[in-house]
Amino acid sequence: MSSPTATARAAGAPAAAPARRSGPSARAARPGRRRSSLAGLWFVLPFAALFAVFLVWPVLAGLWASFTDRSLASPGAEFVGLANWREMLGDSAVWQSLWTTLVFTAISTPPLVAIALAMALLTNRAAAGLGWFLRLSYFAPFLLPVAVVALIWEWMYQPGFGMVNGLLTAAGLAEVAWLTDENTVLAAIAITTVWWTVGFNFLLYLAALQGIPAYVYEAAALDGAGAWQRFLRITLPLLRRTTGLIVLLQIVASLKLFDQAYIMTNGSGGPGYAARPAIGYIFEAGFTGLRIGYASAISYLLFAVIAVVSLVQFRLFSRKGETA
């Protein structure tokens with residue numbers, strides 16, 4: 001005679017859920033989980049300590065310095081409240097340098113995205129041997145130090161013997177004072193930056209393109225879609241997240257412009273300070289004017305601008321990703 005449990009199972013009734021473990025065995029398992037959690041914390045601790053020492057503490061120390069009159073000329077510092085912040089808001093040089101940074105970001109970001117995408121499309125469709133050569137050629141400038149890049153382009157922009165002006169005169173155009181004219185100096189630095197850093201965006205786009213399955217394009221071709229339609233309806237939508245990442249990274253990097261502008265203008269910021277970015281003015285206030293407290297206040301203004309722009313950009317692309 002079968003048991004009631006067996007009869008119920010034969011009739012299709014759900015089996016009873018296994019009873020939760022209790023007693024000594026369950027209590028013995030909890031210390032093991034606790035020990036594994038503590039072991040994970042020990043692995044994280046070295047990174048957390050370095051993060052606190054080299055990032056969290058400098059951020060807090062810089063914020064405190066912005067409320068003091070700290071100077072490199074004197075060892076002490078007195079609390080001055082919002083004096084540095086009020087002076088900063090009324091300093092026209094702060095807003096000029098910030099505007100220069102925003103203009104540079106606006107003129108350098110679109111070509112750094114569009115040219116990188118074009119190079120990635122070309123490399124992705126090239127033959128194996130040619131593709132290797134293109135990858136090396138496009139990414140090689142990104143490996144150069146900023147001082148080398150600035151020196152190369154300073155010579156190329158020189159009037160009389162520079163290659164850029166030589167090409168202009170060969171085409172029947174007049175020479176341009178690229179680095180000594182306030183109307184062209186920022187554009188010259190933007191061109192240099194595009195040549196130098198576009199290789200990084202190119203690699204991101206190339207990796208994303210190689211991740212698109214080939215059968216998607218084959219199915220679209222069978223449906224009669226041309227090359228331009230496949231690019232607009234398949235490639236661009238599937239690269240939306242990569243484009244959002246590249247735009248976000250590029251905007252943040254452009255807002256931190258300093259090295260190439262400082263070197264190519266010999267630290268002067270160009271004629272009429274037309275190429276002095278916000279970090280350049282922070283450097284001048286802190287290390288030329290010796291006013292660390294005032295420079296800290298300006299740096300936090302720039303930090304706020306970068307944070308706001310990054311959050312807006314992130315929200316825009318996240319909404320596009322949700323509606324896609």
Side-chain angles (χ1 to χ4, degrees), residues 93 96-116 118-119 133-171 173-204 246 249-289 295 299 302:
Q96 180 190 10
S97 61
L98 186 59
W99 174 251
T100 299
T101 304
L102 294 176
V103 171
F104 173 83
T105 303
I107 64 176
S108 64
T109 299
L112 278 167
V113 176
I115 294 175
M119 294 192 307
F133 175 76
L134 292 177
R135 285 194 296 269
L136 176 63
S137 302
Y138 292 154
F139 188 69
F142 186 74
L143 302 176
L144 297 176
V146 61
V148 175
V149 173
L151 182 62
I152 291 173
W153 280 88
E154 275 191 81
W155 280 87
M156 291 176 63
Y157 284 135
Q158 290 299 319
F161 61 88
M163 188 184 76
V164 176
N165 281 316
L167 293 175
L168 292 177
T169 54
L173 302 175
E175 290 188 347
V176 177
W178 292 99
L179 299 177
T180 56
D181 187 347
E182 61 180 312
N183 296 318
T184 58
V185 60
L186 195 61
I189 295 173
I191 294 172
T192 302
T193 304
V194 170
W195 179 85
W196 177 34
T197 61
V198 72
F200 179 77
N201 299 340
F202 153 74
L203 280 188
L204 293 179
I246 290 175
L249 293 176
Q250 192 55 58
I251 288 177
V252 173
S254 297
L255 289 173
K256 296 188 294 182
L257 167 71
F258 173 67
D259 298 344
Q260 59 269 41
Y262 184 84
I263 296 174
M264 295 180 72
T265 60
N266 298 318
S268 65
Y273 298 109
R276 182 177 62 182
I279 295 182
Y281 188 63
I282 293 170
F283 177 82
E284 291 182 14
F287 295 97
T288 304
S299 66
L302 178 62

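Hydrogens, waters and symmetry mates are skipped; everything else that's a heavy atom, side chains included, is used.
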Donor-acceptor pairs are to be reported for all side-chain atoms of residues 257-271 against protein atoms at under 3.5 Å, with residues two or more places apart or in another chain.
from: Q260; atom 1: NE2; to: T193; atom 2: OG1; distance (Å): 2.9
from: T265; atom 1: OG1; to: A261; atom 2: O; distance (Å): 2.6
from: T265; atom 1: OG1; to: G269; atom 2: N; distance (Å): 3.3
from: S268; atom 1: OG; to: T265; atom 2: O; distance (Å): 2.6
from: S268; atom 1: OG; to: G270; atom 2: N; distance (Å): 3.3

Pair up each side-chain donor or acceptor in residues 142-163 with any protein partner under 3.5 Å, not counting sequence neighbours, and list the distances.
from: Y157; atom 1: OH; to: A188; atom 2: O; distance (Å): 2.8
from: Q158; atom 1: NE2; to: E154; atom 2: O; distance (Å): 3.1

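Taking each heavy atom of V185 and A274 in turn, the nearest pair found is CG1-CB, 3.8 Å. The two atoms that bring Y273 and Q96 nearest to each other are O-NE2, 3.6 Å, heavy atoms only. For the pair I279 and L302, the tightest heavy-atom approach, listed with the atom from each and the gap, is CG1-CD2, 3.5 Å.
With rounding to the nearest 0.5 angstrom, the CG atom of L186 is 6.5 Å from the OG1 atom of T100. Between the CZ atom of F133 and the OH atom of Y138 there is a distance of 9.0 Å, given to the nearest 0.5 Å. The distance from atom OG1 of T184 to atom CD1 of I189, rounded to the nearest 0.5 Å, is 10.0 Å. Taking OG of S137 as the start and CZ of F202 as the end, the distance is 9.0 Å to the nearest 0.5 Å. With rounding to the nearest 0.5 angstrom, the OG1 atom of T169 is 7.0 Å from the CG atom of N165.
Evaluation of the side-chain contact (heavy atoms from CB on, under 4.5 Å) rule for A93 yields D91, R276, Y281 as partners, not counting sequence neighbours. Residues passing the side-chain contact (heavy atoms from CB on, under 4.5 Å) test with S254 are F104, T105, S108, T109, Q250, sequence neighbours excluded. Taking A114 as the reference, nothing meets the side-chain contact (heavy atoms from CB on, under 4.5 Å) condition, with sequence neighbours excluded.
Sorted by first then second residue, the salt bridge (Lys or Arg N to Asp or Glu O under 4.0 Å) pairs that include residues 174-184, not counting sequence neighbours, number zero.
Judged by distance alone, the side chain of N201 and the main-chain N or O of I246 form no donor-acceptor pair under 3.5 Å.
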